[in-house]
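Scroll down for the structure; my scribbles are underneath it.
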Amino acid sequence: MPDIMERSLWYKMRYTPLRDVLRGRITARLDLHRLLDATDLPPAVRQLIHRVAKKTRLWRMEQLDVTQELISHFVEGIKSGIPPEELIRAFGSEKDAAIMIRRAKRRNRPPSWQVLRVTGWLTAALFVFYGGFAIYFFGGRPSPRINYILRVNHTIEKTPLEDRAWPIYRRALLGLDHIARGSSPAPKFDIQPGMKEWPRLLESVTEHQKELEWIRQGTAKPTLGYLLGAKGSVHDAELWPDQKPPAVDTVAGQELAVVELPPLQTLRDLAGLLRADAALAREARDGRRLLRDLNSILGLSQQVGENAPLLSGLVSLSIYDSALDQIELTLRQDPTLIENEDWIALAHRLSGPKVAADLITVDMERLAFQDRLQRSFTDDGSGNGRLTPEGVKYFAWVSPPGRRSTWIEAASEPVAGLVVPSRQTLETIYDRFTDRAATNLKLPMRDADWRALQGELNSRGLLDSRRAIGPVPDYRRVQETVERSLGRRDGLLVGIALEVFRREHGKYPESLSDLVPQLLPEIPADRITGDPVRFRIVDSRPLVYSVGADRKDDGGRPARVRNSQGDRYLAGSQIAAVWGAMPDSTPDGDWVLYPTLK
Amino acid sequence: MRIEKELMRGAGPAAVLMLLAGGEKYGYELVQLLDDQSGGVLAMGQSTLYPLLYNLQAKGLIASRMEEADNGRPRKYYRLTRKGSQQLARHRKQWEALSLAMGKLGVTGTRS
């Protein structure tokens, strides 16, 4: 063995502890050969010691320690007169010795190393588990079996063509040649009196009386008859030449949640046309035409909301509200345009919906969720399954839909598979939530128990699951919105009955009970308290009101402060139309039900 | 007589602790004492002694220090720690109880 001084610097550096290097001393004291060569032990012993030390695969400092100890052992043995061969034999198996020494020495390492070692093993085990699970996860494929769009369309297709409104609206739209082409100079139809475009709209309505008549005919049909999906009504080259049918799964079809809805803005435009024509009819004192327009707006509202998703339901409600506007305007400006029996018939039609569930359903949202589940989870044949990578994208648990995942996102997708409940569990949770919401929607707002549902949603278990099922509609706010419309409608029903009474008796009644049962089956309930709505004559005009959120009769004085939610969309007359407000933020004043328009 | 491995596993640490109770010793010294004082019964494969010492050290029952021997070479001495003394006391009680029980059963000595 050449002397250490003759070795290269690199060699010496390799066998020098870091702390020696830092002190500027290149000692090479970890070189076992050097250590062994410095002894006068026989070569066979030196080789044995070197092999044992190397086989331990310990750190170099530890190998040095073992070597020194074994050198000492053999030196003492030889010194005591035992031949080296005998010592080697008595030493035993060098392989076993190396293994045992390694184990024992490692137990002497510092606690920080032990912690790192355990952490390393756990991490490795986690990686192996995650890798295995990732293979399992990425192997999962959804197998959607139900084409929900076909199912929805099937109901529509059962209706004879002559009972569907859409073919007639389509003809009218082509005749109007505005919405279909989207040409900019075309008049906007969904506008209100007083707006800049209003005179132009009136002009347009006057020019298109033929199309308007078609629209009226359409609103008299029992159903809208708008077919959904790739082969549905939206792909109409004549009406919408720019629409291209999407490529869809031949078995499962397009997803219900993303399918094009009936053209809601177009339907609002149709309502706008009828509203404008109603204004013209009032101006021309044409009661018959006005009555047809009012009934047409109500018919259109009913068609848009029938078995519709929530969004369509809300548009239906806005059309219903616009019908209420027109009826109230007529009642206040020139009630004599409509005969008594027509007023009563109109009131009868208006009085159809009693609770929110009569205008809004949860059924389409439920179908859409079931459709999403079948496109996100595997199917084990019994209604259960596990999350798939498609499901992660569908529910946007990792990356928003439509965006390609980064590799980090893709690598983290299996986490969703570990934490997201099974298909059956999610369906059960969603059904429980939706069933309870549907039950509430069937009740008057004052009797609905949203606190219990909200409390359950906020409890940890269901909250986690709620994240898993994704965003769900705020049905409480929906119910509030519907109840405000229905409250206003109740006021209007009383207003109509009062007007008919006045015409028949030459004066308004002393009490609303005088209207029952000839003009009203019963006095409408105050939607906040459940008691009959209140009535007063103010400036020779009737005033119908609810006592409002404070449940105190303020004589019909509307509340002047905003409600606790600071909802700026509430009309002034509706500020007190809130349920469950906190005592310190309860609006002081009444909810005026009639009249509501300035 | 050669002691079976399983028995040796229990007896070895107790024997080493007992030897160290008499004062600090280095590796080869322990090998010799085990052989001599046990009449060769506890003479273990010499390579077995060092892992045993390292294990006892890891458990804090013994401690070590390096010292230069007469021949100028470093030599590692082992000594009993306080924890080791307590452990030895427990071992002794257990071995006495075991020996007594084995005697009563007639496994060792004469049945009383």
Side-chain angles (χ1 to χ4, degrees), chain A residues 29 35-41 45 48-49 51-53 55-56 58-59 61-82 84-111 113-114, chain B residues 2-3 5-6 8-9 12-13 16-17 19 24-38 40-79 81 83-84 87:
Chain A
R29 66 186 172 94
L35 191 67
L36 286 162
D37 290 347
T39 68
D40 50 4
L41 288 169
V45 174
L48 171 71
I49 295 171
R51 283 198 301 273
V52 171
K55 279 179 184 170
T56 59
L58 290 165
W59 295 340
M61 282 298 283
E62 291 169 330
Q63 286 187 22
L64 180 75
D65 192 45
V66 171
T67 304
Q68 280 176 334
E69 183 124 37
L70 293 181
I71 288 171
S72 176
H73 172 87
F74 282 99
V75 167
E76 300 292 343
I78 291 167
K79 199 173 133 191
S80 65
I82 299 173
E85 297 76 23
E86 177 63 21
L87 278 173
I88 291 171
R89 191 192 59 75
F91 187 75
S93 159
E94 62 185 71
K95 186 182 168 192
D96 291 349
I99 292 170
M100 286 190 292
I101 289 171
R102 174 179 168 77
R103 281 185 199 150
K105 272 286 183 190
R106 279 157 55 110
R107 287 190 190 114
N108 279 286
R109 286 182 179 172
W113 180 86
Q114 309 286 2
Chain B
R2 187 175 176 80
I3 303 295
K5 205 173 177 181
E6 292 304 315
M8 198 62 194
R9 191 168 288 167
V16 170
L17 291 178
L19 289 176
E24 62 177 11
K25 293 177 177 60
Y26 56 89
Y28 191 77
E29 193 180 2
L30 285 167
V31 169
Q32 282 183 313
L33 287 171
L34 276 172
D35 194 3
D36 296 347
Q37 293 191 8
S38 68
V41 172
L42 294 177
M44 54 184 77
Q46 291 172 6
S47 60
T48 316
L49 175 74
Y50 294 100
L52 193 154
L53 288 169
Y54 300 151
N55 277 330
L56 291 175
Q57 196 171 9
K59 289 175 185 168
L61 302 178
I62 62 172
S64 67
R65 68 179 178 88
M66 292 298 281
E67 194 182 292
E68 203 168 282
D70 299 341
N71 56 11
R73 297 211 58 78
R75 183 189 275 168
K76 191 186 265 185
Y77 283 89
Y78 294 94
R79 68 176 184 284
T81 61
K83 192 177 169 188
Q87 179 68 19

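The figures here come from the full heavy-atom set of this structure, side chains too, leaving out hydrogens, waters and symmetry mates. Each chain gets a letter, A, B and so on, in the order the sequences are listed, and its residues count up from 1. Note that the structure is predicted; figures quoted are calculated from it, not measured.
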Please state whether the side chain, the backbone, both or neither of [X] comes within less than 4.5 Å of a heavy atom of chain B.
{"X": "A:I82", "value": "side chain"}
{"X": "A:V66", "value": "both"}
{"X": "A:I71", "value": "side chain"}

Can you tell me which of A:A98, A:G77, A:A97 forms the most heavy-atom pairs within a distance under 4.5 Å of chain B?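 Option with the top pair count is A:G77.
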
May I have the step-by-step check of side-chain contact (heavy atoms from CB on, under 4.5 Å) for B:V16 and B:I62, ending in yes or no? CA-CA 10 Å; B:V16 170; B:I62 62 172; 5.6 Å; no

Show me, pair by pair, the donor and acceptor atoms from chain B and chain A that are under 3.5 Å apart.
{"residue": "B:Y28", "atom": "OH", "partner": "A:S80", "partner atom": "OG", "Å": "3.4"}
{"residue": "B:Q46", "atom": "N", "partner": "A:A90", "partner atom": "O", "Å": "3.0"}
{"residue": "B:Q46", "atom": "OE1", "partner": "A:H73", "partner atom": "NE2", "Å": "2.8"}
{"residue": "B:S47", "atom": "N", "partner": "A:F91", "partner atom": "O", "Å": "3.0"}
{"residue": "B:S47", "atom": "OG", "partner": "A:F91", "partner atom": "O", "Å": "2.6"}
{"residue": "B:Y50", "atom": "OH", "partner": "A:H73", "partner atom": "ND1", "Å": "2.6"}
{"residue": "B:Y54", "atom": "O", "partner": "A:N108", "partner atom": "ND2", "Å": "2.8"}
{"residue": "B:Y54", "atom": "OH", "partner": "A:E69", "partner atom": "OE1", "Å": "3.1"}
{"residue": "B:N55", "atom": "OD1", "partner": "A:R107", "partner atom": "NH1", "Å": "2.4"}
{"residue": "B:A58", "atom": "N", "partner": "A:N108", "partner atom": "OD1", "Å": "3.1"}
{"residue": "B:R75", "atom": "NE", "partner": "A:E76", "partner atom": "OE2", "Å": "2.8"}
{"residue": "B:R75", "atom": "NH2", "partner": "A:E76", "partner atom": "OE1", "Å": "3.1"}
{"residue": "B:R75", "atom": "NH2", "partner": "A:E76", "partner atom": "OE2", "Å": "2.2"}
{"residue": "B:K76", "atom": "NZ", "partner": "A:D65", "partner atom": "OD1", "Å": "3.3"}
{"residue": "B:K76", "atom": "NZ", "partner": "A:D65", "partner atom": "OD2", "Å": "2.8"}
{"residue": "B:Y78", "atom": "OH", "partner": "A:E69", "partner atom": "OE1", "Å": "2.8"}
{"residue": "B:Y78", "atom": "OH", "partner": "A:E69", "partner atom": "OE2", "Å": "2.9"}

Report the C-alpha distance between A:I49 and A:L36 in whole Å, list the side-chain angles of each, state the deciding distance to 0.1 Å, and finish with yes or no for side-chain contact (heavy atoms from CB on, under 4.5 Å). CA-CA 8 Å; A:I49 295 171; A:L36 286 162; 3.8 Å; yes

For the atom pair CG (A:L70) and CG (A:L48), what is the distance rounded to the nearest 0.5 Å? 7.5 Å

